[in-house]
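These figures come from a predicted structure and were not determined experimentally. A note on names: the letters A, B, ... follow the listed sequences, proteins ahead of strands, and every chain is numbered from 1.
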2 protein chains.
Amino acid sequence: MDRFTALRVFRQVAEQGSFAEAGRKLGLSPPAISKNIAELEAHLGVRLINRTTRRMALTEEGKTYLEHVSRGLDALIEGETALSSARSSPVGTLRVSAPMTVALIRLSEAIPEFLSRHPDLRLELHLDDRRVDIIREGFDLAIRGYSNLEDSSLIARKLGVMSHVLCATPSYFATHGKPQTPSDLAKLDHIRFPHGPNADIWEFRKDGQIERIAVATRYSVSSSLAVRDALRAGFGVSLIPHQYVEKDLQEGRLETALDTWRTAEVTHYAVYPSRQHLAPKIRAFLDFLVRQFAYGRIADR
Amino acid sequence: MDRFTALRVFRQVAEQGSFAEAGRKLGLSPPAISKNIAELEAHLGVRLINRTTRRMALTEEGKTYLEHVSRGLDALIEGETALSSARSSPVGTLRVSAPMTVALIRLSEAIPEFLSRHPDLRLELHLDDRRVDIIREGFDLAIRGYSNLEDSSLIARKLGVMSHVLCATPSYFATHGKPQTPSDLAKLDHIRFPHGPNADIWEFRKDGQIERIAVATRYSVSSSLAVRDALRAGFGVSLIPHQYVEKDLQEGRLETALDTWRTAEVTHYAVYPSRQHLAPKIRAFLDFLVRQFAYGRIADR
DNA sequence: TTTATTATTCTCTGACAGTAAATGATTTCT
DNA sequence: AGAAATCATTTACTGTCAGAGAATAATAAA
């Protein structure tokens, strides 16, 4: 028996005082009403409605049951309406995990405007270079710089690719010699960034040819911004996203090398649990991300 | 979709934190759990549970929905338990309609004991010689002295037969002459009781022979007890249930006539709306009635 | 690695909710 | 008064759907 409709029928009948009228309101045939009431009574073992063909009245038990049923149905319906706003517009709290540096470079400036565009949205942005378990920790979305996450049942939306450049200060190159081939790097000091796929091996590609350099380093630091600081201080060379050192290159603080070689790339993904019934708040943030990274790509020029 | 089970599944999954475990508790297979959740989400257009094969967590919307669902289901379950007592023992208020005189003769003495036997029962006994519409006026049961009520959809339980006697005061018979045949009644004063099938025609039967007397009367009164009072005052003759004048006959205040003729009978019925899911409180009162009328029949001897 | 558990998809089947037509009962209209 | 209309219910009947079973994919633990 479909209890839910039986209960709705019961309430409607009680309100209308008529089987036929209840049937009309609910879009059901009179036999359906009869059957629902009869089955509900059979299930409860209690007569709810005294009725002849012409008159009907709730029994005492029917009246008490009706009160509970009404409260129950109202709560359930209220629950649906509570969700209807979440289904149609971005509301609620959005929990997002993102790597520190990406967030600082790509997002943090634009977030205030994003939030002011969605006044009913609250954002919890957790900046963390860890690879978080978004289900366990309850994140709606995470940004990741890993490319090999297609296996999971999660959905990964590609946001953009960050090309890396090899660079150091002009003076460092002046004293240690500017490398002409990847193998020249062996003589230099490497600053290591432990996250990402290129932590311990730097790859350089040109014309189908691949050179791999083992990273030997005295300084490993898990933030690209700290890597940049070390570069600026003239400590050595490193691979770093072009974006992060754009200004330094323009203003001559840093200098690139091996420009003709293609090297490491980091592809950023937005990862979220499911494509089905994607909440508008997630949808909105996804769109925001895509826009931000697209804009960033132009700035990469 | 069966919303009721879907909601129960949803709550169980949320409580257990596992689809499989919820399935075990509810006696459903894993696919059934999956499907229920998926269909519920489809109906709402909202993702309620983020899940991989190994981990699951309610979404923000899922959490708010769960609260409503829990409240709703609790109310419904509470409603069922509220009825369970009414299904198993006589509790609540019992509304009964009965003719004044029958109630006084057969019931009122015994009712206190009946009520003390069922401490959770309240009785509203409406004494009214009217023929009430038990559905419209919300009675659980009515006692009627009419025999021709088999047509209705109501249930009629035969309680007992009251035989009538023709009587008057000895002095009345002395002055007006004691009737030897029904036709002798024409000369006497008739006290009329308007309810019942024998209001205007008195029938007398003997040996397959039927005599009918048209009642011509100056005094019609709708209570048998008032008829008795008029008889005692020597106003005339009347047909009255033997039971009502038992003492008067024993003590010589009244006297019967035409004893060899069979005359009017009133059959009393207990009438109630339905045999299906008969409430214990009604059941108990019915049993009480049957017992009372059976006892009364013995007293008729 | 293997093994075990979990969620999901697919296919299939029995049950069942609903409809239409017919019946019985009662009220209201003419 | 009778006739017509409305109402609840019963009886077939049908299309749908909820659930089980087997198979698959994903993940965690041993």
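The side chain to side chain contact (heavy atoms under 4.5 Å, CB included) check on B:Glu80 picks up A:Arg3, A:His43, A:Leu44, A:Tyr65, with sequence neighbours excluded. Partners of A:Glu15 under the salt bridge (Lys or Arg N to Asp or Glu O under 4.0 Å) rule, at least two apart in sequence or in another chain, do not exist in this structure. Partners of B:Thr101 by side chain to side chain donor-acceptor pair (under 3.5 Å), not counting sequence neighbours, listed by chain and number: B:Tyr244. A search for side chain to side chain contact (heavy atoms under 4.5 Å, CB included) contacts involving A:Pro273 returns A:Ile134, A:Ile135, B:Arg47, B:Asn50, not counting sequence neighbours. Listed by chain and number, the residues in a side chain to side chain contact (heavy atoms under 4.5 Å, CB included) with B:Lys63 are B:Leu58 (sequence neighbours excluded). Under the side chain to side chain contact (heavy atoms under 4.5 Å, CB included) criterion, A:Arg71 pairs with A:His68, B:Ala75, B:Glu78, not counting sequence neighbours.
Straight-line distance from the CG atom of A:Leu154 to the P atom of C:dA7: 16 Å, rounded to whole Å. Here D:dT27 presents its P atom at 12 Å from CD1 of A:Ile134, a figure rounded to the nearest Å. Remark: P of C:dT27 and CG of B:Asp133 are 8 Å apart, rounded to the nearest angstrom. The nearest whole Å value for the distance from the CZ atom in A:Arg8 to the C1' atom in C:dA17 is 13 Å. The nearest whole Å value for the distance from the CD1 atom in A:Ile135 to the P atom in D:dA28 is 11 Å. Computed from coordinates, the B:Asp2 CG to C:dG18 C1' distance equals 15 Å when rounded to whole Å. In this structure, the CD atom of A:Gln16 is 12 Å from the P atom of D:dA8, given to the nearest Å.
Between A:Asp133 and B:Arg54, none of the side-chain N atoms (NZ, or NE/NH1/NH2) sits under 4.0 Å from a carboxylate O, so this pair counts as no salt bridge.
Applying the ring-ring contact (aromatic ring centres under 6.0 Å, His included) test to pairs two or more places apart or on separate chains, none has a residue in residues 72-92 of chain B. The ring-ring contact (aromatic ring centres under 6.0 Å, His included) pairs that include a residue from residues 13-37 of chain B number zero, where partners must be two or more places apart or lie in different chains.
Each of B:Ser18 and B:Arg136 lies near DNA chain C, and the nucleotide nearest B:Ser18 is the one positioned closer to the 5' end.
Contact check of residues 48-56 of chain B against DNA chain D (heavy atom, cut-off under 4.0 Å) returns B:Thr53, B:Arg54, B:Arg55. Residues from residues 25-41 of chain B that place a heavy atom under 4.0 Å from any atom of DNA chain D, listed by number: B:Gly27, B:Leu28, B:Ser29, B:Pro31, B:Ala32, B:Lys35, B:Asn36, B:Glu39.
If you check every strand for non-hydrogen atoms under 4.0 Å, A:Arg3 touches nothing.
Between the side chain of A:Ser222 and the main chain of A:Pro194, no donor-acceptor pair closer than 3.5 Å is present.
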Which pairs of donor and acceptor atoms, one on a side chain in residues 31-41 of chain B, lie under 3.5 Å apart (sequence neighbours left out)?
from    : atom 1 : to      : atom 2 : distance (Å)
B:Asn36 : ND2    : B:Ala32 : O      : 2.8
B:Glu41 : OE1    : B:Arg51 : NH2    : 3.2
B:Glu41 : OE2    : B:Leu48 : N      : 2.8
B:Glu41 : OE2    : B:Ile49 : N      : 3.2
B:Glu41 : OE2    : B:Arg51 : NH1    : 3.3

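In the helix from C:dT1-D:dA30 to C:dT30-D:dA1, the terminal helix axes, each the rotation mapping four pairs' C1' atoms onto the next four within five end pairs, subtend 30°, rounded to 10°.
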